[in-house]
Amino acid sequence: MLSICVFASGRGSNLQALLDAIAAGRVAARVLLVISNKSAAGALEIARARGIPALHTSDTHFRGEADYCHHLLDLLRAHRCDFIVLAGYLKKVPAEVVQKYKDRIINIHPALLPSFGGKGLYGHHVHEAVLAYGCKVSGATVHLVDLEYDSGAPILQKCVPVYETDDAETLAARVLEAEHEILPQAVQLFAENRVTIRGHRACIAPSPR
Ligand code: GRF
């Protein structure tokens with residue numbers, strides 16, 4: 001059973017989808033801690049409503065990156081988290097945390113990486129860029145987190161169509177449905193120990209069932 005810390009900056013619908021999948025028995029994991037850099041994040045409310053410890057913490061509260069990093073690692077250790085899910089988290093995770101949790105941090109990105117990823121490409125900016133380019137498909141990617149933005153190995157991807165009538169909002173809503181589907185699925189792949197990392201590839205073992 002995975003013991004997860006979720007990092008989130010926003011409304012928390014991906015956290016909700018993960019908690020629902022756990023409650024429904026589709027994911028063998030527990031969320032032991034939720035951390036947000038935004039005190040008003042909906043994700044914190046969602047966690048608190050379920051009795052999950054939910055903390056607002058930001059690098060701005062600390063003297064430097066090293067102190068912040070130690071604080072995060074202490075929290076993760078104190079709550080016995082062995083896996084991290086970034087669910088709409090808009091800050092970079094400190095390098096030391098990424099290294100300590102190597103191949104045990106995943107992120108959900110609202111596009112088909114490696115297109116439309118990287119610094120500055122988050123939220124509506126992603127969907128606006130997809131529409132401006134004239135793409136016929138977009139989608140969601142769950143990927144491993146490494147030291148750069150959106151550059152780790154993809155774990156799962158799901159496509160959605162882009163319609164000529166779309167604006168960033170309608171496309172975001174369609175992509176979000178795909179995010180809610182593949183984020184819990186990806187967590188379950190790790191829970192079943194089916195992900196092996198070879199170079200930049202995440203190889204998924206077939207289901208034992
Ligand atoms: C999602 O589209 C996620 O991919 C992006 O921010 C959004 C967060 O949504 N990075 P939510 O907070 O999970 O509802």
Side-chain angles (χ1 to χ4, degrees), residues 4-24 26-27 29 31 33-50 52 54-58 83-93 98 105-133 135 137-146 148-162 166-189:
I4 298 174
C5 175
V6 173
F7 285 61
S9 300
R11 87 201 123 177
S13 69
N14 278 288
L15 168 66
Q16 182 78 56
L18 177 59
L19 292 171
D20 290 349
I22 291 170
R26 285 183 278 120
V27 175
V31 176
L33 178 63
V34 173
I35 288 176
S36 181
N37 59 314
K38 300 272 183 202
S39 58
L44 292 176
E45 280 174 44
I46 289 170
R48 287 180 188 134
R50 303 234 188 169
I52 299 167
L55 304 174
H56 166 227
T57 185
S58 157
F83 197 84
I84 297 172
V85 174
L86 308 185
Y89 188 60
L90 298 180
K91 298 285 278 191
K92 216 169 188 179
V93 177
V98 173
I105 311 185
I106 59 173
N107 179 48
I108 179 85
H109 183 77
L112 296 172
L113 292 173
S115 294
F116 305 107
K119 194 165 167 54
L121 280 166
Y122 61 89
H124 65 96
H125 300 291
V126 175
H127 306 298
E128 278 159 9
V130 167
L131 290 169
Y133 196 86
C135 291
V137 293
S138 188
T141 302
V142 178
H143 63 93
L144 284 177
V145 171
D146 62 15
E148 302 303 324
Y149 281 111
D150 302 326
S151 74
I155 307 296
L156 286 177
Q157 295 187 293
K158 185 175 168 89
C159 293
V160 303
V162 178
D166 270 331
D167 57 22
E169 209 174 311
T170 56
L171 179 56
R174 198 173 308 117
V175 170
L176 193 63
E177 282 182 31
E179 294 178 43
H180 294 167
E181 208 177 302
I182 65 172
L183 182 63
Q185 286 173 355
V187 172
Q188 178 60 5
L189 290 175

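Hydrogens, waters and symmetry mates are skipped; everything else that's a heavy atom, side chains included, is used. Both ligands and their constituent atoms are indexed starting at 1 by order of listing. We number each residue from 1, following the sequence as shown.
You'll find the side chain of Ile84 stays beyond 4.5 Å of the side chain of Ile4, heavy atoms only. Side-chain atoms of Asp20 and His180, non-hydrogen and from C-beta on, never get closer than 4.5 Å to each other.
The closest approach between any non-hydrogen atom of Gly123 and ligand 1 is not below 4.0 Å.
Across Ser13, Ala8, Ala172, heavy-atom proximity to atom 14 (O) of ligand 1 is greatest for Ser13. Nearest-residue assignment for atom 7 (C) of ligand 1 (options His127, Arg11, Gln16; heavy-atom criterion): Arg11.
The distance from ligand 1 to the heavy atoms of Pro110 drops below 4.0 Å at these ligand atoms: 2 (O), 4 (O). Of all the atoms in ligand 1, the ones that sit under 4.0 Å from a non-hydrogen atom of Gly10 are 12 (O).
Formation of a donor-acceptor pair under 3.5 Å by the Gln157 side chain with backbone atoms of Leu113 is found in this model.
For atom 12 (O) of ligand 1, the closest non-hydrogen atom of the protein is Gly12 N, 2.9 Å. Closest to atom 2 (O) of ligand 1 among all protein heavy atoms lies Glu179 OE2, 2.9 Å.
Only one option out of Glu177, Glu181, Glu179 pairs with Lys158 in a salt bridge (Lys or Arg N to Asp or Glu O under 4.0 Å); it is Glu181.
Annotation: ring-ring contact (aromatic ring centres under 6.0 Å, His included) contacts of His124 (sequence neighbours excluded): none.
No N or O atom of Gly88 sits closer than 3.5 Å to an N or O atom of ligand 1.
Between His127 and Ser138, the side chains place no donor N or O within less than 3.5 Å of an acceptor N or O (distance only, hydrogens not considered).
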